K.L.:
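Below you will find the structure I want to go over with you.
If you're wondering where the values come from, they're calculated on a predicted model, not measured in any experiment.
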Amino acid sequence: MNAASSKPGSKADRDALRQDMSAAGCSTADIAVEMRTRFRMRPREAWRHARGWTLQETADRITQCSERPPRESVAADASLVGKWEKWPGPSSRRPSLAVLFAMADAFDCRVEELLDIEDRRALPEVELRLLAQPAPPTESQAHQSSASPIVTASLPPKTELVRLAASESATWAQWAEASNVGDIALEQLMAETRTLASDYLTSDPLVLFIRTRALRDRVFALLEGHQYPRQSADLYVVAGYLCGLLAWMSSDLGQLREADTQGRTAWLCAELSGHNDLRAWVLSTRSKVAFWDHRLRDAINFARQGATYRTKGTVAVLLACQEADGWSELGAEDEALAALARAGEAFTATSGEDDIGGIFSCQPARQENYAAAVQLRVGHPADALRSTERALTLLARQPVRAYGTEAQIHISQAAAHLATGETEGALEALAPVLALPPDHRLQPVTRRLGELRSKIGTARTSGVAAVGLRQAIEEFCVNSAPRHLALSPGEASA
């Protein structure tokens, strides 16, 4: 791409301007002024680009210049230089006098050339007075020509030094007191997260994914700013739940690697917030992802680790159910049934409400759904059938009926009928599942239907009904949400 077609202010534009002006005999100061006016740069950034230096090269030179006596030592890095350049804008940091003098030495300019009217308005009055004081030249400057004056910081009088220190403390206090988020805004973010977790039970998963991602980006942007430590912790809690939601959704859409990445980020947020309920829910989410990724030992270990935290709400119930799920898939009947028993005990001992609810909640119908799946795997179809009947009764009483959970309950019911040779009963149980719209046909549903299909055709499930059931399942799985996502161009799932 040539300079003419590149974005204004791009590296190509800056390099071309610097080369053209240098060839025309313009000074570095002239180039800096042109950079400022043409590309709307802050003065310190303009001087850096006039020199053609990177942020790190500039940081190295500032550090070196600050080490010359009687300078105050400055430890600069690329990130700090970028923040000093942006000041007094957002996400910036005010350069101290020591930084400004070292920067002026590095650029071979006067400090005044590094400051504009916005900078002067934002500088403490005591620092403006110190900048206005004439500074005696150093021994090395005495031998330089007057064409390249370099301002050197002289030690201020003791009274001015004390005032400067007080001013710096006051400036820092103003920064520390400021926050980019308030308590009402935090409440709103939590409320929006609860809405997403609830809506996911009944709505199009891809639409909810896009909404969740947008809210996560808002929270991430706030975390990159400045707020009180307790507000930062609250933002990490919201971010953790949102990343957990994205992990759950990614898994349901068949994107297990991406789900695992979201789960790791959610865990980081949980650790940074120190929030035990979030830790437990994130580990539950990671257990879910590991289970569907056939990493059964990981699924069990995540569930067990989550159970070690003291929590409120129903997360302990779900964790025990997930441990039972893992053990049953491994064929460990005793361990699976013991974990199911612990899930019942955890529900009896439940105290308090779930922070988020929706997908981050384990109501009795969901618990019975897990029980039915576990009982089927360990060879107890009659128990599984009773669990599905209880689950459907409980689900009918809930104000919000999760289509994913309801579908899995019907699949377990159909599997229990198949295990006893009742193909017609299986077909009837699956009717509500097969009627789901394609956008609601999530990976756990299609996978469990695939497992069910593999059992059709045995001696006890042969006949016309079995053939029709097998064909219906095949057509259902072909026209599913994960398959649509896999066949899409990709930008919708970004």
K.L.:
Indicate yes or no: at least one non-hydrogen side-chain atom of Glu192 is less than 4.5 angstrom from one of Arg218.
P.N.:
yes

K.L.:
Could you tell me whether Asp260 and Arg295 have a side-chain N and a carboxylate O separated by less than 4.0 Å?
P.N.:
yes

K.L.:
Side-chain donor-acceptor pair under 3.5 Å between Gln56 and Thr58, yes or no?
P.N.:
no

K.L.:
If only side-chain N and O atoms count, and only distance matters, is there a donor-acceptor pair under 3.5 Å linking Ser387 with Gln375?
P.N.:
yes

K.L.:
How about Lys312 and Glu353: do any of their side-chain heavy atoms sit closer than 4.5 Å?
P.N.:
no

K.L.:
Under a 3.5 Å cutoff, is there a donor and acceptor pairing between the side chains of Glu333 and His380?
P.N.:
yes

K.L.:
Ignoring hydrogens and geometry beyond distance, is a side-chain donor-acceptor pair present between Gln443 and Ser251 at under 3.5 Å?
P.N.:
no

K.L.:
Any side-chain donor paired with an acceptor under 3.5 Å for Ser287 and Arg304?
P.N.:
no

K.L.:
Just by distance, no angles: are the side chains of Thr311 and Asp277 close enough, under 3.5 Å, to form a donor-acceptor pair?
P.N.:
no

K.L.:
If you define the side chain from C-beta out and look only at heavy atoms, does anything of His440 sit under 4.5 Å from Leu436?
P.N.:
yes

K.L.:
Apply side chain to side chain donor-acceptor pair (under 3.5 Å) to the pair Glu475 and Gln471, showing each step before the final yes or no.
P.N.:
CA-CA 6 Å; Glu475 292 172 3; Gln471 289 176 343; over 6 Å; no

K.L.:
Would Arg286 and Asp293 pass as an ion pair if we require N to O under 4.0 Å?
P.N.:
no

K.L.:
For the residue pair Arg42 and Lys86, establish whether any side-chain heavy-atom pair is separated by less than 4.5 Å.
P.N.:
no

K.L.:
Are any of the side-chain nitrogens in Arg94 or Glu127 under 4.0 Å away from the carboxylate oxygens of its partner?
P.N.:
yes

K.L.:
Looking at Arg40, I want to see if its CZ is surrounded by more than 12 non-hydrogen atoms of other residues, nucleotides or ligands under 6.0 Å.
P.N.:
no

K.L.:
Say whether Arg279 and Asn276, considering side chains only, have a donor N or O and an acceptor N or O under 3.5 Å apart.
P.N.:
yes

K.L.:
Does atom CD of Glu474 have more than 12 heavy-atom neighbours, drawn from other residues, nucleotides or ligands, at distances under 6.0 Å?
P.N.:
yes

K.L.:
Rounded to the nearest 0.5 Å, how far apart are CD of Gln262 and CD of Gln255?
P.N.:
11.5 Å

K.L.:
Above 12 or not: heavy atoms from other molecules or residues under 6.0 Å from CD1 of Ile184?
P.N.:
no

K.L.:
I'd like to know if the side chain of Asn180 pairs up with that of Gln227 as donor and acceptor (distance under 3.5 Å, no hydrogens or angles considered).
P.N.:
yes

K.L.:
Could you check if a side-chain atom of Trp87 sits within less than 4.5 angstrom of a side-chain atom of Leu123, using non-hydrogen atoms only?
P.N.:
yes

K.L.:
What I want to find out is whether Glu323 reaches Arg342 closely enough, with some N-O distance under 4.0 Å, to be called a salt bridge.
P.N.:
yes

K.L.:
Tyr236 pairs by side chain to side chain contact (heavy atoms under 4.5 Å, CB included) with which of Leu278, Leu272, Leu268?
P.N.:
Leu272

K.L.:
Is there a side-chain contact between Thr285 and Phe302, using heavy atoms and a 4.5 Å cut-off?
P.N.:
no

K.L.:
Given the rule in the salt bridge (charged side-chain N to carboxylate O under 4.0 Å, His left out) test, do Glu406 and Arg401 qualify, once you have shown the distances and angles that lead to the verdict?
P.N.:
CA-CA 7 Å; Glu406 187 170 4; Arg401 296 175 63 168; 2.6 Å; yes

K.L.:
Do Val378 and Glu335 touch side chain to side chain, with heavy atoms closer than 4.5 Å?
P.N.:
no

K.L.:
I'd like to know if Lys288 and Asp325 make a salt bridge, using a cut-off of under 4.0 Å between side-chain N and carboxylate O.
P.N.:
no

K.L.:
May I ask you to decide if the ring planes of Phe360 and Trp248 are parallel, tilted or perpendicular, using 30° and 60° as cut-offs?
P.N.:
perpendicular

K.L.:
Compare all side-chain heavy atoms of Phe291 with those of Ile300 and state whether any distance is below 4.5 angstrom.
P.N.:
no

K.L.:
So, Arg390 and Thr393: side-chain donor and acceptor under 3.5 Å apart, yes or no?
P.N.:
no

K.L.:
May I have the step-by-step check of side chain to side chain donor-acceptor pair (under 3.5 Å) for Asp354 and Thr314, ending in yes or no?
P.N.:
CA-CA 7 Å; Asp354 292 308; Thr314 60; 2.9 Å; yes

K.L.:
Set out, in order, the CA-CA distance, both residues' side-chain angles and the distance that settles side-chain contact (heavy atoms from CB on, under 4.5 Å) for Glu368 and Thr388, then state yes or no.
P.N.:
CA-CA 7 Å; Glu368 292 287 359; Thr388 61; over 6 Å; no

